Each structure stands twice: as C-alpha cells, then as structure tokens.
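Being a predicted model, the structure only gives us computed values, none of them experimental. The chains referred to below are lettered A, B, ... by the order of the sequence lines, with proteins before strands, and numbering in each begins at 1.
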2 protein chains.
Amino acid sequence: MKLNGNYDKVKDSYLFVEIAKRVAAYTANNPQAKIIRMGIGDVTRPLAPVVVEAGLKAMAEMGHAETFRGYSPDSQGYEFLRDRISEYYARMGVKVASHEVHVSDGAKSDCGNIVDMFDDGNVVLVPDPVYPVYVDSNIMSGRKIVYCDGTEENNFAPLPDEKISCDIIYLCSPNNPTGAAFNKTQLAAWVEYARKQGAVIIYDAAYEAFVTDPDVPRSIFATPGARECAVELCYFSKTAGFTGVRCGYTVVPDELCGGKFAKMWARRQSTKFNGTSYIQQRMAEAAYSEEGIKQNMENIAAYRKNAQLISAALDEMGIYHTGGKNSPYIWLKCGMDSWKFFDKLLFDANVVGTPGSGFGKNGEGFFRLTAFNTYENTAEALSRIKKIL
Amino acid sequence: MKLNGNYDKVKDSYLFVEIAKRVAAYTANNPQAKIIRMGIGDVTRPLAPVVVEAGLKAMAEMGHAETFRGYSPDSQGYEFLRDRISEYYARMGVKVASHEVHVSDGAKSDCGNIVDMFDDGNVVLVPDPVYPVYVDSNIMSGRKIVYCDGTEENNFAPLPDEKISCDIIYLCSPNNPTGAAFNKTQLAAWVEYARKQGAVIIYDAAYEAFVTDPDVPRSIFATPGARECAVELCYFSKTAGFTGVRCGYTVVPDELCGGKFAKMWARRQSTKFNGTSYIQQRMAEAAYSEEGIKQNMENIAAYRKNAQLISAALDEMGIYHTGGKNSPYIWLKCGMDSWKFFDKLLFDANVVGTPGSGFGKNGEGFFRLTAFNTYENTAEALSRIKKIL
C-alpha cells in the first residue's frame, strides 16, 4: 500500500494550529495575561433569536415519530432552504435557480471537495496572499499552482495577466486575508480572462454580507458571462454566525460545462456526502427570513463598527492597510517579519493576530486583524497596540 | 480545463436515486397506494429523549454570548465526545484512545474522503455485493478494483484469497447489504491476510450496535494485530437514529503506518473539513451516556424485533436469506432478476425494497429488506408479500 505522496508536499502544521500552539505556550507561562483574540476569523456574537427559535423547533420535531426526519430526500438540501437562497439572490438582482443551489456543512468542505471535479493535470491560479485551503487542497491532489501577486501596488486586488495560462482560478472577494474587494470592472476582467482561457473560476463569496460599496458585486453571477465559467461558494459562517453550526452552499449554474459540472457535483455529493442536518437547514432557513436577515444585519453592523475602529486607528498611526470597509478583515503593513510581529503583539500587547506570511510570500511583512471580537476588546486591543508601536 | 475523467466511469444514477425515481413514478400514477418502505436504510423512530434534551440545551447556549460556541478547537471534535467514545470501546473490552477518535458529520463523508489518503495506483479489494460508495469513491479517483465474491456458498461472508494482491481492503460487518457478520476467526483471517499483503483495512462498523452474537466482534480492534492495519468508521446514524442529524467518527490507531496515517487524516480534515457542529456533538455525547445508551437500545430492540419477524416469515416461505440476526438487513434470494423483483414488490404489494444487483454482480437474484419501519408496517408488508409470492 502506498500513501498519497502529495501530502508530503504540504507543510506539516496548518497556520491556525501553529498560532494556537504559540498562544497556548504563552498563556501557560503567563496565566494572568488577558489575551485579546483578533486572529482566527471566528465570530463571537450569539445566533440571532429567530435562528435559535427555528433550531429549537426542529430539534423538538426530531423527538416525535410524527415529525421525525431521517436522511434528506437528497444530498443537495431541502427545497425550503434552497428556495430561500434563490430568493436572497433575486433580491440582489442576481438570477440563481433553486436547483442550482447545493447545501453543505460549510466552507472548508465544499472548498476542499470541489477539487475532485478536476483532472489532476490542471494548472491552478491563486492570488497570493490567499486563504491556505485553496493551495493545500490542490497540492494534496498533485496539481501545479501558479500565483498572481497581490501587492501594495495593486492594493491587494490583482488583475489577470494574459501571459499566464491556467485551468482553475480561485477568487475570494471581499478577500481573506486582505479585505480587498473587486469592483465591477475588475471582476468583469477576471470573467473575460477565464472565458478566454477556458478556465473555471471558484469564487469564494464568504464575506459578501459585509459589502456596502454599490460598485462591489456581492456575487460573481452579477457579472455578465460568469454563469458560463464560475461556481460560487458561500457560507452562513460569517453572515449568520454559523461557525459552530456548520452550514453553507455552493451554486453551480446550469451553463457551466454544458451542464456536466452540476451533474458531476451532484454525483460527488450523493456518493461522498449525505446531506446537511435537517436541524441546521431549518436554522439556515430562518436566517434567510426577513426577520432573520434583519437580526443578522445587526450583528454584522457591530462587526463593521469594529472594522472601522481598527481602520481609523491605523490611519491615525499612518499604517498602510487594506480592508475594513467591505470586509471584517484588516490587512496591515507591519514593517517587519510577520511572525516576529505576531510574537511582538502577543508578548507585548497580549493581542493575537494572524501573520501575513501564513497566506503566501506576498503576505510577508503584513498582518491580519479581524473585527469579530467585541467593541470593548477591539478598542482595548487598539489602545495596547498604539502603546507598543 | 479538463474535468476529472474518472467520473465518466461511474454509473450515472446512484442506486437509491433510481429507486426514488421508480417509486415517485408509481405513486404519481397510483396516488391511493399505501407504500411501505423497506428499501433505503433510514430509521423511523424518533431521537432518544436525552439526546433531544441535550440538543435543546446546546441550541439555547448558542443564543447567548456567554455560552455561544464558534469553530471547534480543532476539526477532530470536542474532547467531551471523544472521551465518551473511547469509554464506549473500553466497555466492549477494546482499547481506543480519545485522541485516536476523529469526529465527523457522518458515514458517507468519512467513507468517501478516506480515499484521499491513498495513492491512486493502489489496488482496492471490495466484497461483492457491497455498499456502492466503496466502489464509486475509488472509481472517482481512478483506482483499480478487484472483488471477492460473497455467495450463497459462503453465506455472503467471503474469506480472503491469498492469490489476490491488493493494497486497500473494504470490510463491512455486520454487512450492508447482506446482514452477514464475520465471527472472530473470520476477522482474524482478514487481519492476517491484510498484514501479509501490507494492506490497510477500511472497516465499516456502522451496524455494530445490532450485534448480539458474542462470537461476532463489534469492532475490528477486538482482533489482535488490527491496530497495525486498520481504520474503523462508525456512525450514530443507526445506533442513535442520527440519519437526519449527521454525526459519526473514524478511529485511526497510532500504530497505523507508524503514525503517519493519523497525521495525514488530521491534516486532510483540518484542511478540507471544519469540524462537526457543537450542537450535534452535544447530542452524540448524550447518546453515549448511560441513559442515552439505554434509550437507544430500546429503539434498536424494536428494529431487531422487525428483523426477526422478516426472517421468520422468509423461513416459513422457505426462502434462503442471510442477516436479520446481528443486523437490521435481510438479504433474500428472490429467484429472478433483482429489478424485476423490485417492480413486482412495488406494483403488486406496494412494498419498496432494494434490488441486490445494485450492490454488485453477486447481488443479482437477491434483494434487501430493512427492519427500520414500524412493527405494524413490517407485519403488513410481510402479509402482502406472502400473498404475491
């Protein structure tokens, strides 16, 4: 028996595992330290009341024979949820049919599993810096990866380079980790490039709910021609605080590969996945109700306020940064080795962030802060940071 | 861009999708028919009261900032659940450490994703008949598959053939679809064979809770030497009625590939999976409590009673069958084409079962019934079947 040798090519320790280790080591030696976490992109505000209510109702249903639910009718998700998601797109002026929505247990699963659709010989284009899962999941399948550089010069919103050939393109907008978001013109350029190349765009829209700028599309399918060349992954993790709940979805348009892509994805999911829990799907349905969206938008507004606070503090200190506007992430130039800055912030300010170098070579010298903590903690962290910088 | 060509080699329609289609077509034309479903292996009895209670409590926690939980500490699952599972094994006299347990969202996910661990050049040995996921998930990766024949002669519990070389071995005991279960001697033969071949056994223990025969091991790790050559997949789907809840686990022993397998699986899961919902993990924890096990065993006893009823009825009719003893499945010789028998049962008795041919070539001429319906429906179905056979 021979193990998958590609695993030897991915780095041993996943970024956030390494951060957790360093923080654990520090707190073991400094148990009195009041650590403020602005590292991992986890939410802190509780679920919206209507979501909890729907969850309690679904849970109770599972305890009675008349209302008990076993396997979903299929692995794609209940119609009651897919219909709500389709309507959500309609309200932003984007046409996504209910049957094009595939419900899942969340971000990483779909993002990691979608690579099954492609031949291992395909060349993958990823922006650098980038969410490590895009790169790692393709290295695990032995695919060649090429990069397009996000830099201070392009404000970390790199545009396609016609000289680079590729088959699969990852885009994340608003971006993790940089918080930069593509505007309509920039996304149109990517769609045009993908179509010329015959490439598929894997579009990560995890942070779409944070977009306020009307010139920034919240879905790739707002861009003409995208239905022929893109899939879109989206999650309730950030929109509805579902990081500990686990639910999300992928949109596969009918037009992609003449319908073959949708058929293959359905085949994969019905073979290697058995659907999302009925309970989670009812919770997600409530999150997409009128009242649910209203309640979740209050949570998002609170995170936005934190993001603005961070951005303003950095402006005051004269520190270059992107994000914080259409995004819960702030990407700042730290002017030194990223891990050194991480240690400095941890040791001297007891603030945990994420070293930019963990997201790729262009992340070196940069650092990510997130807006997911409380307002009080965010303000306190900024005051500590101001003191040490 | 080139799609994964291996998908062209898997059959278009998944077995249970085809069944659902035929049933839907029949009921559309015969809306008055009272269909009894003994096809798909879905449970019908509601969740145990302690499980619902734990779920309601966890759900309520998610609605308050003080008790809200985001991402799991890692993708492997909370310690509170892994410890309970480790204790569960200890009570059956099997040593499985808490850190060897990897919690997931269920059966198909782990079973479909575990193939990522292996080189695509490995040869896969699967029993025939078999749960289609073992075969399909490997065809999707382009692996060569060899079969070992389950037949009437070996009562569908085939033993290893030293002449066959392989790298990966799938075993499911008690078996889906045949209900046949390996005894200690038979499992020891498989472990010895795997070790000689340098192969890894992927052991599907989904139905272990149905075992009553003390000579039938409920875990592969009850067999000496198995920790060096096997992983075990188990799910709460059948044990605790979690088909609509989604939770399960995989045990990767430290000894497998000198620890490398566990490291690779953890790396895969932390990259392509983001952990099981906190809510589900609390529900599973309750299912493994003393009271939870007592309540779930009442459900299993009810299904067992149905299985015995089916088995006795087939004995009475003189129909050869396996299973029904340590298993919720009954595998019967139908004496005709499996799909023809499916249609006969559907049209003439309004009973839905599963055609044996859907599980492999040796399944032709056989048929699977499940014990997951109510006692009343099971009795009614048997009385209808007796009339038409």
Would you say the side-chain atoms of Ser109(B) pair up with the backbone N or O of Phe273(A), donor to acceptor, closer than 3.5 Å? no
So which part of Thr67(B) gets closer than 4.5 Å to some heavy atom of chain A, the side chain, the backbone, both or neither? neither
Can you find a heavy atom in the side chain of Asp105(A) that is under 4.5 Å from one in the side chain of Arg246(B)? no
Taking every heavy-atom pair that is under 4.5 Å apart, which of Glu53(B), Gln197(B), Met283(B) has the most such pairs with chain A? Met283(B)
At a heavy-atom distance under 4.5 Å, which candidate from Asp120(B), Thr44(B), Ile168(B) has the highest pair count against chain A? Thr44(B)
Can you tell me how far NE2 of His64(A) sits from CG of Leu47(B), rounded to the nearest 0.5 angstrom? 10.5 Å
Ranking Arg69(B), Glu66(B), Gln280(B) by heavy-atom pairs under 4.5 Å to chain A gives rank one to Gln280(B)
side-chain contact (heavy atoms from CB on, under 4.5 Å), that's the test. Do Val51(A) and Met62(B) meet it? Break it down for me. CA-CA 10 Å; Val51(A) 170; Met62(B) 298 294 274; over 6 Å; no
Shortest non-hydrogen pair, Gly70(A) vs Thr243(B), comes out as CA-OG1, 3.1 Å
Do any N or O atoms from the side chain of Asn4(A) and from the backbone of Asp116(B) form a donor-acceptor pair under 3.5 angstrom? yes
Honestly, the part of Cys166(B) sitting under 4.5 Å from a heavy atom of chain A is neither
At their closest point, which heavy atom of Gly63(B) faces which heavy atom of Val52(A), and how far apart are they? CA-CG2, 3.6 Å
Tyr7(B) meets the ring-ring contact (aromatic ring centres under 6.0 Å, His included) criterion, sequence neighbours left out, with none
Between Phe68(A) and Pro46(B), the two heavy atoms sitting closest are CD1-CA, 3.6 Å
Is there a donor-acceptor pair closer than 3.5 Å between any side-chain N or O of Asn122(B) and the backbone N or O of Met1(A)? no
Out of Val43(B), Asp167(B), Asp119(B), which one racks up the most heavy-atom pairs below 4.5 Å with chain A? Asp119(B)
Interface moiety of Thr374(A) toward chain B, non-hydrogen atoms closer than 4.5 Å: neither
Checking Val115(B) against chain A: side chain, backbone, both or neither under 4.5 Å from a heavy atom? side chain
Quick check: closest heavy atoms across Gly244(B) and Ser277(A), and the distance to 0.1 Å? O-OG, 3.2 Å
Using a cut-off of under 4.5 Å on heavy-atom pairs, state which of Val200(A), Asn6(A), Asn113(A), Val245(A) scores highest against chain B. Val245(A)
Looking at side-chain heavy atoms only, is the closest gap between Val10(B) and Thr271(A) below 4.5 Å? no
At a heavy-atom separation under 4.5 Å, does Cys247(A) approach chain B through its side chain, its backbone, both, or neither? neither
Indicate yes or no for a side-chain donor-acceptor contact from Asn274(A) to the backbone of Lys108(B) under 3.5 Å, with no hydrogens or angles considered. no
Once rounded to the nearest 0.5 Å, what's the spacing between atom CG of Leu256(A) and atom CG of Leu3(B)? 8.0 Å
Do the non-hydrogen side-chain atoms of Lys260(A) and Asp8(B) ever get within less than 4.5 Å of each other? yes
Output the distance between atom OG (Ser270(A)) and atom CZ (Phe16(B)), rounded to the nearest 0.5 Å. 11.5 Å
Identified side-chain contact (heavy atoms from CB on, under 4.5 Å) partner of Met140(B) from the options Met264(A), Met117(A), Lys272(A): Lys272(A)
